[in-house]
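What follows is a single structure, written as structure tokens, with notes after it.
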Amino acid sequence: MWALPGTVLGRSGWPPTMSQRLHWHWNYWWQAHLLDSLVDAQLRQPTQERAQLINRFITTVHRRNFGSWVNDYYDDIAWLGLALQRVRQLQLSTVDEPIEAIGARLHEGWTQDLGGGIWWRRGDSFKNTPANGPAAIFHARKGDQQRAGAMTQWLTETLVDPETGLVWDGVRADTGEVVKHIFSYCQGVYLGACLEQSRWDDAARTIRAVEKHMAPEGILPGSEGGDGGLFSAIAARYLALAAKNLPRAEAETAKGIVQKSAEACWNGAAQEKTGPLFSAYWDRSAPNPPGKAERDLSVQIGGWMLLEAAATL
């Protein structure tokens with residue numbers, strides 16, 4: 001990065017534009033998921049080279065973020081926090097300082113507006129699942145069960161559709177409007193929060209809802225790239241955790257969705273000289289030549305994350 005020795009980040013596009021080579025636009029949360037996927041690979045097949053890469057990567061994130069571990073988006077920093085917690089478990093880097101900084105910032109976001117929860121970003125009037133879900137997982141893994149439980153209960157009472165069991169996007173404090181958009185990653189992070197706190201019935205309900213409404217053919221939905229390239233991969237990560245940890249029949253359902261999605265993703269990938277190029281839609285083959293979505297780092301991390309999730313099963 002910026003010709004600094006020993007630095008490394010993922011480029012946001014392929015082939016990269018000059019702006020992407022310079023990391024001019026900072027996709028903080030894409031990089032957090034790239035770190036998470038590097039940890040997945042290290043758990044599956046540990047190497048000293050990758051361990052060193054992870055350590056360099058974390059240092060570079062801090063440099064590119066201008067010497068800070070946090071930004072104004074509570075969902076972004078929760079994702080980095082989750083990846084760093086896993087890095088600490090593997091003792092790959094000294095990350096106590098960023099984990100504490102992220103934890104403090106996430107605590108700051110909680111207010112009693114709308115009955116609780118944290119904002120999507122600082123100074124905003126929107127509270128949503130993408131922020132509260134990963135933050136609840138982070139707090140639970142950090143040992144703060146009180147805050148994790150309060151967040152998950154707020155999500156359950158405020159943003160779970162009582163008819164379908166799907167998790168809505170968010171709610172606006174200024175108007176009280178519930179934004180009922182349905183995204184696969186909202187299901188994933190809510191499921192993850194429930195798993196961390198042994199809320200087995202809520203987790204099982206979510207898996208049934210995903211199977212019925214989002215993956216009727218057993219394959220998670222795709223997107224047109226951008227941030228959406230990560231959405232279903234996030235769902236797959238927590239479905240895989242449910243498959244291993246949920247003491248309910250729905251564990252097999254979760255396993256089936258992850259495995260079928262992964263098989264479709266792999267079989268539909270284009271084989272480029274540098275390796276597989278995953279389709280933005282796992283139920284169809286990657287276009288030739290690659291489309292705009294397939295050129296996004298988010299889509300390629302998403303395919304990688306899905307395959308790592310399946311490998312754990």
Side-chain angles (χ1 to χ4, degrees), residues 32 36 70 73-86 88-89 96 98-122 124 126-162 164-173 178-179 183-210 234-235 237-248 250-251 254:
D36 232 352
V70 298
Y73 289 81
Y74 292 109
D75 55 341
D76 283 12
I77 64 173
W79 287 121
L80 182 61
L82 288 171
L84 292 172
Q85 284 177 325
R86 300 179 71 218
R88 182 164 63 182
Q89 281 186 322
D96 290 350
I99 288 173
E100 290 305 314
I102 289 169
R105 178 62 64 88
L106 290 175
H107 264 273
E108 169 201 289
W110 178 276
T111 74
Q112 288 303 319
D113 301 88
L114 298 168
I118 63 173
W119 303 105
W120 173 40
R121 59 184 174 183
R122 298 177 89 191
D124 205 43
F126 188 51
K127 291 187 173 181
N128 63 0
T129 304
N132 283 272
I137 299 169
F138 175 87
H139 288 312
R141 291 179 179 176
K142 201 170 182 293
D144 189 350
Q145 295 297 334
Q146 181 176 1
R147 178 53 57 85
M151 280 186 166
T152 309
Q153 187 61 31
W154 179 81
L155 285 168
T156 303
E157 294 174 354
T158 310
L159 293 175
V160 174
D161 182 351
T164 66
L166 291 171
V167 186
W168 293 320
D169 186 35
V171 57
R172 303 189 187 282
V178 176
V179 180
F183 299 116
S184 51
Y185 83 139
C186 289
Q187 320 313 311
V189 294
Y190 177 74
L191 173 60
C194 292
L195 292 172
E196 290 296 329
Q197 298 163 78
S198 302
R199 298 175 67 122
W200 305 133
D201 291 341
D202 290 337
R205 181 192 63 235
T206 305
I207 293 168
R208 293 194 301 271
V210 169
I234 291 167
R237 177 180 293 283
Y238 293 103
L239 285 167
L241 287 175
K244 294 188 294 181
N245 299 308
L246 179 65
R248 297 283 190 279
E250 286 80 5

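Bear in mind the structure is a predicted one, so any value in this text is a computation, not a measurement. The first residue in the sequence is number 1, and the count goes up from there. Both backbone and side-chain heavy atoms feed into the values below; hydrogens, waters and symmetry mates do not.
From Ile118, atom CD1 reaches atom CG of Asp113 across 13.0 Å, with rounding to the nearest 0.5 Å. Residue Leu241 holds its CG atom at 13.0 Å from SG of Cys194, rounded to the nearest 0.5 Å. With values rounded to the nearest 0.5 angstrom, Asp201 atom CG is found 9.0 Å from Glu250 atom CD. Between atom OG1 of residue Thr156 and atom CG of residue Asp202 there is a gap of 4.5 Å, rounded to the nearest 0.5 Å. Here the OH-CG distance, from Tyr74 to Leu106, works out to 8.0 Å after rounding to the nearest 0.5 Å. Note that the CD atom of Glu157 and the OG1 atom of Thr152 stand 11.0 Å from one another [nearest 0.5 Å].
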Using side-chain contact (heavy atoms from CB on, under 4.5 Å), reason through Trp168 and Val160 one step at a time and then give a plain yes or no.
CA-CA 6 Å; Trp168 293 320; Val160 174; over 6 Å; no

Mind running side-chain contact (heavy atoms from CB on, under 4.5 Å) on Ile102 and Leu84 for me, showing each step along the way?
CA-CA 10 Å; Ile102 289 169; Leu84 292 172; 4.1 Å; yes

Step by step, work out the side-chain contact (heavy atoms from CB on, under 4.5 Å) result for Gln197 and Gln153.
CA-CA 11 Å; Gln197 298 163 78; Gln153 187 61 31; over 6 Å; no

Using the side-chain contact (heavy atoms from CB on, under 4.5 Å) rule, take Gln146 and His139 through it: C-alpha gap first, then chi angles, then the decisive distance, then the call.
CA-CA 9 Å; Gln146 181 176 1; His139 288 312; over 6 Å; no

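In this structure, the side chain of Gln85 engages the main chain of Phe138 through a donor-acceptor pair within 3.5 Å.
Looking at Asp124 and Arg121, a side-chain N of the basic residue comes within less than 4.0 Å of a carboxylate O on the acidic one, giving a salt bridge. Under 4.0 Å is where a charged nitrogen must lie from a carboxylate oxygen, and between Glu196 and Lys142 no such pair does.
By the salt bridge (charged side-chain N to carboxylate O under 4.0 Å, His left out) test, Glu108 pairs with Arg105, Arg122, sequence neighbours left out. With sequence neighbours excluded, the residues satisfying side-chain contact (heavy atoms from CB on, under 4.5 Å) with Ala254 are Ile207, Leu239, Ala242, Ala243. For Ala240, the side-chain contact (heavy atoms from CB on, under 4.5 Å) test picks out Val258, Ala309, Thr312, Leu313, with sequence neighbours left out. Listed by chain and residue number, Glu177 satisfy the salt bridge (charged side-chain N to carboxylate O under 4.0 Å, His left out) test with Arg172 (two or more places apart in sequence, or in another chain).
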Show me, pair by pair, the donor-acceptor contacts under 3.5 angstrom made by side chains of residues 75-82, not counting sequence neighbours?
from	atom 1	to	atom 2	distance (Å)
Asp75	OD2	Trp120	NE1	3.3
Asp76	OD2	Asn71	ND2	3.1

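For the pair Val167/Phe183, no side-chain contact is recorded, criterion being any heavy-atom separation below 4.5 Å from C-beta on.
A donor and an acceptor atom, one from each side chain of Arg205 and Tyr190, are located under 3.5 Å apart.
For the side chain to side chain donor-acceptor pair (under 3.5 Å) condition, the pairs that include at least one residue of residues 127-137, sequence neighbours left out, are Thr111-Lys127.
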